[in-house]
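Since the structure comes first, as structure tokens, the remarks are kept for the end.
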Amino acid sequence: MNIVVLAGGNSTEREVSIASGQGICKALRERNHRAVMADPYFGMEKLEEDLFPAEYDIEEAAEKMRKESALLEETMKSRRGFFGSNVLALCEKADIVFLALHGSNGEDGKVQSVLDLMGVKYTGSNPLSSGMAMDKGITKMVFEANGVPTPKGITLEKGASSRLIDYGMEFPVVVKPCCGGSSVGVFIVKNEAEYAQALLEAFFYEDKVVVEQYITGREFSVAVVDGKAYPVIEIAPIEGFYDYKNKYQAGSCVETCPAEISASLTKEMQHYAEKGYEALKLQAYARLDFIMDEEGNMYCLEANTLPGMTPTSLIPQEAKAIGMNYPQLCEKLIEVSLKKYQ
């Protein structure tokens, strides 16, 4: 197949996206697909005569994207539109677009909407489901309405009362941007002073933030592919919680798959992962994150519609536990995504 791997973009998760795209492109090439990388934001100066060449330098393409990252802030000040030159024309020529984008303008359904209007096939969920899952406040409401356990929480807008007592909540709480990703701007706060500072910083990223009751416990994640849960993986940070640093700094977490929990707890968590996936009307694949307290009560925190896809990311580890290697997984995600178009 001729495949465009879209990576980069202009979100706070740009560098992670490039790493995901590089891994995916290499894996698909190993499976004999003619995959090429493209950055939707910076685009490309021109379209080559052979859009999907037999020989392709993935490292060179990724390095070009990383160099362009230094221009991101200045470019965003001077440009109104999102899509760079020629990238959509390239996508039109592909059999499918593999979305390796993370965060805003990628995971929130906006790019998916454009591709839908163009009649271009792509991996992952549709625009509506992507948008709902990106918004942690909406996700929480959907979970609550569909019997998926989730921590008590509220969505705050700038100017609204932020007093916890007004919402029947108390410290400690978690403060996080409504639509952020990779735990950027997430704070665990234990008193009023920390709370005020956390709100100030979270509102720097967005105009809406989620405040939810902090649950002390073990952290887990479950991939759901084509509606079926994969093995549970436990993430145990060496220090702190599963924040941006611990997600992407090598050696900062101990990741165990399958997680060392009882068969009944495993089955229960997989059930809620599938239920959360279904409630949000997700398609193809997603990853749902959980926390479990000492009594075995589990809470679904969020759903990731375009989760990290480097070879050592969580979903590849779960796939490996059922005998599927990374290139096979990348091909599997294309296969299940194409079901949307049948």
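In this text the structure is predicted, and so the values were computed from the model without any measurement. In what follows, residues are counted from 1 in the order of the sequence shown.
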K140/E144 salt bridge by N-O under 4.0 Å criterion: no

Short side-chain to backbone donor-acceptor contact, D289 and E302, under 3.5 Å: no

Suppose clustering is done on Ile, Leu, Val, Met, Phe, Trp and Tyr with side-chain heavy atoms closer than 4.5 Å. Which residues sit in the same group as L200? none

Of all the heavy-atom pairs spanning E318 and S221, show the shortest one and how long it is. OE2-O, 3.8 Å

Shortest non-hydrogen contact from L329 toward M324: CA-SD, 3.5 Å

Tell me, which pairs form a side-chain hydrogen bond (donor to acceptor under 3.5 Å, both in side chains) where one or both residues lie in residues 113-129, sequence neighbours left out? D116-Y122, N126-S129, N126-Q283

Is it the case that the side chain of S262 and the backbone of L265 share a donor-acceptor pair, with hydrogens and angles ignored and the cut-off at 3.5 Å? yes

Evaluate E201 against Q197 for side chain to side chain donor-acceptor pair (under 3.5 Å), listing each step before the verdict. CA-CA 6 Å; E201 296 193 35; Q197 184 62 31; 2.9 Å; yes

Tightest non-hydrogen contact, residues S104 and M134, listed as N-CE, 3.5 Å

Atom CE of M298 and atom CD of E268: how far apart are they, to the nearest 0.5 Å? 4.0 Å

Got a sec, which residues hit ring pair (Phe, Tyr, Trp, His ring centres under 6.0 Å) with F82, two or more places apart in sequence or on another chain? Y41

Does V16 belong to the same Ile/Leu/Val/Met/Phe/Trp/Tyr cluster as Y285, with side-chain heavy atoms less than 4.5 Å apart forming each link? no

Identify every side-chain donor-acceptor pair in residues 85-99 under 3.5 Å, counting partners at least two apart or on other chains, and give the distances.
| unit_1 | atom_1 | unit_2 | atom_2 | d |
| --- | --- | --- | --- | --- |
| N86 | ND2 | M44 | O | 2.9 |
| N86 | ND2 | E45 | O | 3.1 |
| D95 | OD2 | N2 | N | 2.7 |

Minimal heavy-atom distance between L282 and A133, with the atoms involved, is CD2-CB, 4.2 Å

For M309, is there any backbone N or O sitting under 3.5 Å from a side-chain donor or acceptor partner on Y326? yes

Other members of the hydrophobic cluster containing Y299, with the 4.5 Å side-chain heavy-atom rule, please. I215, I291, L301

What one should report as the nearest heavy-atom pair of C257 and P231 is SG-CB, 4.0 Å

With sequence neighbours excluded, tell me which residues meet ring pair (Phe, Tyr, Trp, His ring centres under 6.0 Å) with Y195. F171

Does E68 reach the main-chain N or O of E63 with its side chain, forming a donor-acceptor pair under 3.5 Å? no

Salt bridge or not for D39 and K64, using N-O below 4.0 Å? no

Side-chain donor or acceptor of R14 paired with backbone N/O of M65 under 3.5 Å: yes

